[in-house]
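Notes follow the structure.
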Amino acid sequence: MEFPLPPREAASFVTENSRDVYVDPEGVRRMAELLLPAAAAWRVEQWKSLHELNPRGADEAALNWVFVVDTLNFSFWAEQEEHRCEVHYGGRAYTGYWALCAAVNRALDQGIPITSASYYATVTLDQVQNIFRSDTATPMPLIEERHWILNETGKILLDKFGGSFLNCVKKCEKSALKLMYLVVENFPSYRDVAVFKGKLIAFYKRAQILVADTWSVLEGKGDGCFWDISSITIFADYRLPQVLLYFGALKYSKELLKKLLRGEMLLNGDRQEVEIRGCSIWCVEMIRDCLLELFEKSGEKPQGEINSVLLDFHLWDYARNHRNDMRGIPFHRTRCIYY
């Protein structure tokens with residue numbers, strides 16, 4: 001059995017061999033300098049304090065919420081921005097990933113045990129369509145895929161881990177990488193890999209974000225005190241490359257830029273799609289290293305750890321909050337279960 005290059009090594013390999021995507025070292029440094037003031041205040045606790053839909057607790061129930069949400073954390077982009085899936089919850093309308101979180105919380109409020117493996121292992125398609133119903137005419141994408149993934153994942157969690165994600169976390173001896181590999185080895189829908197230049201490479205977007213969210217919901221304490229959290233890279237999706245392009249840390253060839261501006265789809269595993277994701281990971285690794293260097297030179301000590309997880313959280317929020325500023329900056333359109 002061939003083992004794929006892990007995300008960081010995969011990203012380095014892709015960047016070295018990329019034809020249409022380029023990491024600009026000057027853009028990386030400029031971006032790190034711009035991020036420096038915000039980075040000084042980054043803390044793992046922000047995951048809860050900045051986002052009202054995330055669970056407040058740090059217990060088994062909160063971990064089971066994280067597991068379900070990240071199992072379904074893929075493909076929220078809209079074919080047309082004006083026609084988006086929306087979920088109304090708590091007096092607000094949520095779109096994208098937050099629509100998923102709002103739908104999960106709405107279901108729990110209605111007494112539907114959507115975070116219980118014994119429920120979602122046998123949940124029907126009709127029930128899934130109801131739980132994740134949109135309050136607009138545009139449904140949540142890939143609802144059939146979400147249904148079978150819930151069934152498959154629930155059965156495995158019951159059969160191998162007593163129906164609780166906490167048991168997965170406990171098996172990993174406070175290692176982020178061990179947890180990532182345990183998830184990938186046991187849950188097929190998390191196996192986010194591609195072939196590039198004849199090599200099998202891994203991005204593991206959802207497995208890595210599951211580790212990051214576990215670390216965050218447990219506030220880096222107890223079972224979530226991962227000694228190697230800095231080994232986790234960013235979670236290569238379609239929003240992070242957009243914000244890196246916006247700041248000039250990432251650059252695209254004219255051919256690729258034209259293709260994305262026309263709204264052409266890229267298939268999961270296509271060379272250009274792999275280049276976008278791989279170069280994005282490596283770009284943020286460089287930004288992180290540059291930030292660490294800038295802090296060392298300044299003598300200032302950040303409040304929390306400077307790692308790719310907190311960088312990803314910050315940049316993803318920035319991309320969401322500045323969508324209007326980035327209207328002319330295309331994101332790549334790939335419809336799949338991996339991101």
Side-chain angles (χ1 to χ4, degrees), residues 6-9 11-12 15 23-52 54-58 62-63 66 169 172-180 205 208-237 239-241 243-244 246-250 279-322:
R8 194 173 195 278
E9 288 80 357
S12 176
T15 304
V23 179
D24 184 337
E26 288 183 14
V28 163
R29 179 157 284 277
R30 280 195 309 271
M31 197 165 172
E33 288 167 350
L34 285 169
L35 288 168
L36 191 65
W42 291 345
R43 296 173 2 268
V44 64
E45 293 83 6
Q46 287 175 281
W47 187 84
K48 289 179 180 176
S49 62
L50 294 181
H51 300 296
E52 68 277 4
N54 286 339
R56 303 293 99 184
L63 280 172
V66 161
V169 177
C172 295
E173 301 167 322
K174 300 182 180 177
S175 167
L177 279 181
K178 275 191 180 179
L179 181 56
M180 180 187 81
K205 183 263 181 179
Q208 291 208 104
I209 204 169
L210 176 58
V211 173
D213 288 350
T214 297
W215 178 64
S216 301
V217 77
L218 297 177
E219 298 180 9
K221 299 170 187 170
D223 293 312
C225 181
F226 298 135
W227 60 269
D228 56 348
I229 191 64
S230 62
S231 62
I232 299 298
T233 72
I234 63 154
F235 329 121
D237 66 354
R239 285 297 180 201
L240 263 291
V243 74
L244 296 171
Y246 175 72
F247 280 108
L250 207 61
C279 290
S280 296
I281 291 174
W282 193 248
C283 183
V284 176
E285 290 294 295
M286 289 176 66
I287 292 168
R288 184 202 63 185
D289 291 348
C290 198
L291 273 171
L292 290 169
E293 181 191 318
L294 289 169
F295 274 115
E296 193 174 339
K297 280 183 180 174
S298 71
E300 184 184 357
K301 190 171 172 59
Q303 288 183 35
E305 187 173 344
I306 300 298
N307 58 40
S308 296
V309 170
L310 296 178
L311 246 170
D312 186 294
F313 288 167
H314 180 85
L315 293 176
W316 191 85
D317 282 345
Y318 187 95
R320 288 274 303 182
N321 296 336
H322 294 81

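- Side-chain contact check for Leu315 versus Met31: some heavy-atom pair is nearer than 4.5 Å.
- For Phe313 and Tyr318, the distance between ring centers is not under 6.0 angstrom.
- Under 3.5 Å, the side chains of Gln208 and Thr233 contain a donor-acceptor pair of N or O atoms.
- Rounding to the nearest 0.5 Å gives a distance of 14.5 Å between CD1 of Ile281 and CE of Met286.
- The shortest non-hydrogen separation linking Lys48 to Ala58 is NZ-CB, 3.8 Å.
- In this structure, the side chains of Ile232 and Ser308 stay at 4.5 Å or more apart for every pair of heavy atoms.
- When every heavy atom of Val211 is checked against every heavy atom of Ala176, the shortest pair comes out as CG1-CB, 3.6 Å.
- Contact annotation: the side chain of Pro302 never approaches that of Trp42 to less than 4.5 Å [non-hydrogen atoms, C-beta and beyond].
- The two residues Trp215 and Gly224 make their nearest non-hydrogen contact at CD1-O, 3.1 Å.
- Contact between Leu292 and Ile306 at its shortest, heavy atoms only, is CD2-CB, 3.7 Å.
- Contact check for Val44 versus Glu305: no side-chain heavy atoms found under the 4.5 Å cut-off.
- Looking only at distances, no side-chain donor or acceptor of Arg8 sits under 3.5 Å from a matching main-chain atom of Pro6.
- Between the Asp228 side chain and the Ser231 main chain, no donor and acceptor come within less than 3.5 Å of each other.
- A donor-acceptor pair under 3.5 Å links the side-chain atoms of Gln46 to the main chain of Arg43, judged by distance alone.
- Distance alone, capped at 3.5 Å, is enough to place a donor-acceptor pair between the Asp312 side chain and the Phe235 backbone.
- The shortest heavy-atom contact between Trp282 and Ala11 is N-CB, 3.8 Å.
- A distance of 7.0 Å separates OG of Ser230 from CG of Asn307, quoted to the nearest 0.5 Å.
- Summarising the geometry of Gly57 relative to Ala62, their closest heavy-atom pair is O-CB, 3.6 Å, with the distance given to 0.1 Å.
- Within the 4.5 Å cutoff, the side chain of Thr214 has heavy atoms near those of the Phe226 side chain.
- Under the 3.5 Å distance criterion, the side-chain polar atoms of Asp237 are matched with a main-chain donor or acceptor of Leu240.
- In this structure, Arg29 and Glu293 have side chains that are in contact, with non-hydrogen atoms separated by less than 4.5 Å.
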ask   = Going through the distances and angles, do Leu36 and Leu291 end up as a side-chain contact (heavy atoms from CB on, under 4.5 Å)?
value = CA-CA 7 Å; Leu36 191 65; Leu291 273 171; 3.9 Å; yes

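- With respect to the salt-bridge test (charged N to carboxylate O, under 4.0 angstrom), the residues Arg30 and Glu33 do not qualify.
- Ile234 has its side chain out of reach of Trp316: every pair of non-hydrogen atoms, C-beta onward, lies at least 4.5 Å apart.
- Between Cys283 and the choices Val28, Thr15, Asp24, the side-chain contact (heavy atoms from CB on, under 4.5 Å) rule is met once, by Val28.
- In this structure, Val217 and Leu63 have side chains that are in contact, with non-hydrogen atoms separated by less than 4.5 Å.
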